[in-house]
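Let me begin by presenting the structure, written as structure tokens, before commenting on it.
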Protein chains: 2
Amino acid sequence: MSLKKIGQQTWALGSEVRVLSSAAVVGPKEGKGLLKDDYDVVYPDLYAGQDTWERAERKMMEDAVDFAIHKSGVDRRDIELYIAGDLLNQNITASFSARTNQLPFIGVFGACSTSMQSVTLAAALIDGGFIDRALVAVSSHNATAEKQFRYPTEYGSQRPATSGWTTTGAGAAVLGEGKIGPRVTYCTVGKVVDWGIQNPDDLGSAMAPAAVDTIVTHFSDTGRTPDDYDLVVTGDLRVSGFNIAKGLLRQKKIAVDERFQDCGLMIYSPEQKDYGGGSGCASSAVVTFGHLFRQMARGKYRRILVVATGALYNAVTWRQGESIPCIAHAVSFEMG
Amino acid sequence: MSLKKIGQQTWALGSEVRVLSSAAVVGPKEGKGLLKDDYDVVYPDLYAGQDTWERAERKMMEDAVDFAIHKSGVDRRDIELYIAGDLLNQNITASFSARTNQLPFIGVFGACSTSMQSVTLAAALIDGGFIDRALVAVSSHNATAEKQFRYPTEYGSQRPATSGWTTTGAGAAVLGEGKIGPRVTYCTVGKVVDWGIQNPDDLGSAMAPAAVDTIVTHFSDTGRTPDDYDLVVTGDLRVSGFNIAKGLLRQKKIAVDERFQDCGLMIYSPEQKDYGGGSGCASSAVVTFGHLFRQMARGKYRRILVVATGALYNAVTWRQGESIPCIAHAVSFEMG
């Protein structure tokens, strides 16, 4: 019997699975943003010393992995599983980084929800007794993503205000049983929600209902309320989607105050043109693995809910007139 | 402690996690092949009643899911997790099918190894106590895959003998604790292996060393030998890769006889031009979920090892001069 499932979609971890270490690396624009002191590396340009943007993104994921492993104090050989994903076709950043680190590998895809999807799987497999330690990593890169999903950045295409700015960077974390570090307590696995938005320049509005669905389900499954959290943070809803999400939450009688935030709206400073806010797998990852876990260690937050949001479309589907299916996965991290 | 891990990369399931039901649906060419009596649906053309190939592939995955659920006798609402993947950019077949079935969803990517990667995760999450029942599904479609990875099929491009024929179809299975059906006993999670092959028309040769690495690790981890299996079947190595794999296994002092087979070499009849053999996520899936599990139910096989193989490249990486990272995941299925 699934003793660890509570409610409809939430897994309650019985053991002390914690984030033993985490790392975040970012591109130059992110390195000038509001969280610039909370990253392990700021690359001086989008190439990160490589000759293609795809190799640059891979280098970023590999560097995040190296930092996370080093900080954990765990011997690389004692990490038993690598779970990773990214936005590029066929998950190449994750797969090529798995070639480099030579760990048993599970590739995952949840678009920009991949960060918390990876943490969920890693924590469950540790709690389930299959492995002691897992490494997770996700990445996105402004130039690789824009070229693949929209237009090469050299075109200088005009973009609407509802667009996101694909965050350049990578986040990685080592999970395992331990006594310090944020503990993974509940993971709420999302369902696909699609309210019919067809505009790939407004993914925030498309994702907002999925974020709300997972947040509401999480509260219902666990019996918790926003008062149980110091922060409830979505992944990359943009200004437009974040406002929609707040409205939908209020409709559901959930009190929305300043504890509700969005990772993509925390990355850049007001002077930096970021359209509707940061987006991409790296949005939730560099904020959570870089900034938020540091804030938890500093005592600012004791318990947070990270709700990573993903738009599960591709460059063919919207041209074929399809709407955009979205998903959100939520993980509760707790100190103590 | 990871009590369920044995050796380096193998998970030993403690509970009676079984394949409660499975289904396989295929395109017209596959429906004229050697296993034509073992599929649940043979579509009369590549469109399956849809107006695009992408929608046709989705319809196939959805149909496979419906058949698998129906055969299991399990109420759809009692299935607690859907794990699915495919070959299309951003996993759209899996994601759109998750919109249709409205189950909590984890998207995975392992290229053509996705079938056994999905089974591994589903079985582990059931064994770990997080869910009672999971649904897995994978698909590939000749026209969507050729267009995306190589050339639109209308071009009629000439292809070398080492090419695979992307199998059109989908496979799905419902897993849960039970008393009948093939039991999942061991899952060996692969590492990425890359011997430097750069030719996307010879993925079989690229994948062969990954298949051998996982097979050798499986035997080493479990203490088993080929004599413990009635069949050891790889996913889609093509004639070229299958011969390389057999040679490498013999180098490792593993006795290779007729118990070693490849799914892609079992699908088409000798009269059907399939270049080096069937390939794609559907290759291992329709053979395993359609043919092999029927043969197990009929008593022909008591214990089989399915080694699904994946080439983790994309249409950009090989043009940028990268070699092709490959992986294989192995699952042991046993009757009784």
Side-chain angles (χ1 to χ4, degrees), chain A residues 1-5 8-9 11 14 52 54-55 80-81 85 87-92 94-96 98-100 102-111 114 117 120-121 124-133 148 177 189-194 312-317 320 322 325 327 329, chain B residues 1-5 8-9 11 14 52 54-55 80-81 85 87-92 94-96 98-100 102-111 114 117 120-121 124-133 148 177 189-194 312-317 320 322 325 327 329:
Chain A
M1 236 184 64
S2 56
L3 295 169
K4 297 172 188 168
K5 200 186 82 167
Q8 292 304 305
Q9 295 165 230
W11 301 345
T52 69
E54 287 76 12
R55 291 197 182 100
E80 296 161 286
L81 188 66
L87 290 178
L88 297 189
N89 297 341
Q90 287 72 53
N91 254 16
I92 52 162
S95 296
F96 278 76
R99 180 179 71 180
T100 302
Q102 284 294 298
L103 296 170
F105 173 54
I106 295 280
V108 290
F109 181 77
T114 306
Q117 179 177 327
T120 295
L121 283 178
L125 292 168
I126 294 166
D127 192 72
F130 293 96
I131 47 173
D132 283 330
R133 284 171 214 88
Q148 177 182 278
E177 291 195 43
V189 179
K191 290 181 180 177
V192 171
V193 176
D194 184 342
L312 306 172
Y313 78 120
N314 77 9
V316 170
T317 57
Q320 290 183 344
E322 301 281 1
I327 199 163
H329 301 293
Chain B
M1 236 184 66
S2 55
L3 296 169
K4 296 172 188 169
K5 199 185 85 167
Q8 293 303 306
Q9 295 164 233
W11 302 345
T52 69
E54 287 76 12
R55 290 197 181 100
E80 297 162 287
L81 187 66
L87 289 178
L88 297 189
N89 297 340
Q90 287 71 54
N91 253 18
I92 51 163
S95 297
F96 278 76
R99 181 179 71 180
T100 303
Q102 283 294 298
L103 296 170
F105 173 54
I106 295 279
V108 290
F109 181 78
T114 306
Q117 179 177 327
T120 294
L121 284 178
L125 291 168
I126 294 167
D127 192 72
F130 294 96
I131 48 173
D132 283 330
R133 283 171 214 88
Q148 177 183 276
E177 291 195 42
V189 179
K191 291 181 181 177
V192 171
V193 176
D194 183 343
L312 306 172
Y313 79 120
N314 78 8
V316 170
T317 57
Q320 290 183 346
E322 301 281 1
I327 199 163
H329 301 294

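Scope of the values below: all heavy atoms of this structure, side chains included, with no hydrogens, waters or symmetry mates.
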*Top contributor to chain A interface from B:A94, B:S95, B:P104, B:G110 [non-hydrogen pairs under 4.5 Å]*: B:P104
*Rounded distance (nearest 0.5 Å) linking atom CD of B:Q90 with atom CZ of B:F96*: 11.0 Å
*Select, from A:V193, A:V189, A:T114, the one with the greatest count of heavy-atom pairs under 4.5 Å involving chain B.*
A:V189
*Select, from B:K5, B:E322, B:Q148, B:R133, the one with the greatest count of heavy-atom pairs under 4.5 Å involving chain A.*
B:E322
*Under the side-chain contact (heavy atoms from CB on, under 4.5 Å) test, which residues partner B:Q320, sequence neighbours left out?*
A:T52, A:E54, A:R55, A:K147, B:V316
*Contacting moiety of A:L121, where chain B heavy atoms sit under 4.5 Å*: side chain
*Please report the shortest heavy-atom distance between B:D127 and B:G14, naming the atom on each side.*
OD1-N, 3.1 Å
*Where the side chain of A:N91 meets the backbone of A:G107, is there a donor-acceptor pair that is under 3.5 Å apart?*
no
_Closest non-hydrogen atom pair between A:F109 and A:L87, with its separation_ = CE1-CA, 4.5 Å
*Please name all residues satisfying salt bridge (charged side-chain N to carboxylate O under 4.0 Å, His left out) with A:K191, sequence neighbours left out, ordered by chain then number.*
none
*Using a cut-off of under 4.5 Å for heavy-atom pairs, which of A:H329, A:Q117, A:Q8 has the most such pairs with chain B?*
A:Q117
_chain B contact via A:I327 - side chain, backbone, both or neither, heavy atoms under 4.5 Å_ = side chain
*asked:* With chain B as the partner, which of A:D194, A:T120, A:N314, A:I106 has the greatest number of non-hydrogen pairs under 4.5 Å?
replied: A:N314
*asked:* Is A:A98 close to chain B through its backbone or its side chain, or both, or neither, when contacts mean heavy atoms under 4.5 Å?
replied: both
